[in-house]
Amino acid sequence: MVRAFSRTIVIAMELAGYGGLFLAAFLAATILPSSSEIVLVGLLAIGDYSPWLLVAVASIGNLLGAIMNYYIGRGIERFRDKKWFPGNETSLARAQSWFNHYGKWSLLLSWVPMIGDALTLVAGLMRVPLPLFMLLVGSAKTMRYIVVTIITLYFTT
């Protein structure tokens, strides 16, 4: 009975680690400040977690957060005349112009802190097709987590 209870505690702790990483990755992809890389590195340093499962969980969480930004961008234009709107006409026009100039391939920079959040929002505003958005953003964000994982494992083993 003690062994079963201990195993249950271990499973719950593992799920909390993966769940915490998912939440940190999701929040990091939104306009809320969060750093999923720190959580990833910490879990990798513990050594009790599958590195590739950590990469998958972080990537999925981060992509879902980016998709939330995308949908915010799709609906944000209708609020541009509201007093509480966080941007102004000039900044919105500048973002649209920048995105028109560099195009959808700029979404490969979606992994860059702060810049990436704005890019995913503008991609929704510019009506980038969702499957293309998911492919470009998902690839970029997953590659970042793979690089962080490889570097962490290299320096901790």
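Residue indices begin at 1 and follow the sequence shown. Keep in mind that what you see is a predicted model, and the values were worked out from it rather than measured. What you see below is based on every heavy atom in this structure, not just the backbone, and it leaves out hydrogens, waters and symmetry mates.
In plain terms, the two heavy atoms of Leu21 and Leu54 that are nearest each other are CD2-O, 3.4 Å.
Here salt bridge (Lys or Arg N to Asp or Glu O under 4.0 Å) pairs that include residues 123-134, with residues two or more places apart or in two chains, number zero. Listed by first and then second residue, the salt bridge (Lys or Arg N to Asp or Glu O under 4.0 Å) pairs involving residues 40-53 amount to none (not counting sequence neighbours). Annotation: salt bridge (Lys or Arg N to Asp or Glu O under 4.0 Å) contacts involving residues 104-126, sequence neighbours excluded, are absent.
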For this session: Show your working on side chain to side chain contact (heavy atoms under 4.5 Å, CB included) between Tyr70 and Leu130 and close with a plain yes or no.
Result: CA-CA 8 Å; Tyr70 173 88; Leu130 185 59; 3.7 Å; yes
For this session: Could you give me the CA-CA distance, side-chain angles and deciding distance for Ile67 and Met134, then say whether side chain to side chain contact (heavy atoms under 4.5 Å, CB included) is met?
Result: CA-CA 8 Å; Ile67 290 170; Met134 290 174 61; 3.9 Å; yes
Atom pairs and distances, side-chain donor-acceptor, residues 137-152, under 3.5 Å, sequence neighbours left out:
from: Ser139; atom 1: OG; to: Leu135; atom 2: O; distance (Å): 2.6
from: Lys141; atom 1: NZ; to: Asn62; atom 2: OD1; distance (Å): 2.8
from: Lys141; atom 1: NZ; to: Ser110; atom 2: O; distance (Å): 3.3
from: Thr142; atom 1: OG1; to: Ser59; atom 2: OG; distance (Å): 3.2
from: Thr142; atom 1: OG1; to: Gly138; atom 2: O; distance (Å): 2.7
from: Arg144; atom 1: NE; to: Glu37; atom 2: OE2; distance (Å): 3.3
from: Arg144; atom 1: NH1; to: Glu37; atom 2: OE2; distance (Å): 3.4
from: Arg144; atom 1: NH1; to: Trp111; atom 2: O; distance (Å): 3.0
from: Arg144; atom 1: NH2; to: Asn62; atom 2: OD1; distance (Å): 2.8
from: Tyr145; atom 1: OH; to: Ser36; atom 2: OG; distance (Å): 2.6
from: Tyr145; atom 1: OH; to: Asn62; atom 2: ND2; distance (Å): 3.3
from: Thr149; atom 1: OG1; to: Tyr145; atom 2: O; distance (Å): 2.8
from: Thr152; atom 1: OG1; to: Val148; atom 2: O; distance (Å): 2.7

Throw together a table of side-chain donor-acceptor distances under 3.5 angstrom for residues 25-33, partners on residues two or more places apart or in other chains.
from: Thr30; atom 1: OG1; to: Leu27; atom 2: O; distance (Å): 2.7
from: Thr30; atom 1: OG1; to: Leu32; atom 2: N; distance (Å): 3.2

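Both Trp105 and Leu63 are assigned to one and the same hydrophobic cluster, defined by single-linkage of ILVMFWY side chains at heavy-atom distances under 4.5 Å. Note on Phe22: it clusters hydrophobically with Trp52, by side-chain heavy-atom contacts below 4.5 Å among ILVMFWY residues.
With a 6.0 Å radius and a threshold of 12 heavy atoms from other residues, nucleotides or ligands, Ile38 has its CD1 atom at or below the threshold.
Between Tyr49 and Tyr18, the ring planes lie perpendicular to each other; the angle is over 60°, past the 30° to 60° tilted range.
Taking CG from Leu136 and OG1 from Thr120, the interatomic distance works out to 12.5 Å, rounded to the nearest 0.5 Å.
With sequence neighbours left out, the side chain to side chain contact (heavy atoms under 4.5 Å, CB included) criterion links Phe99 to Ser106, Leu107, Leu119, Val122, Ala123, Met126, Val128.
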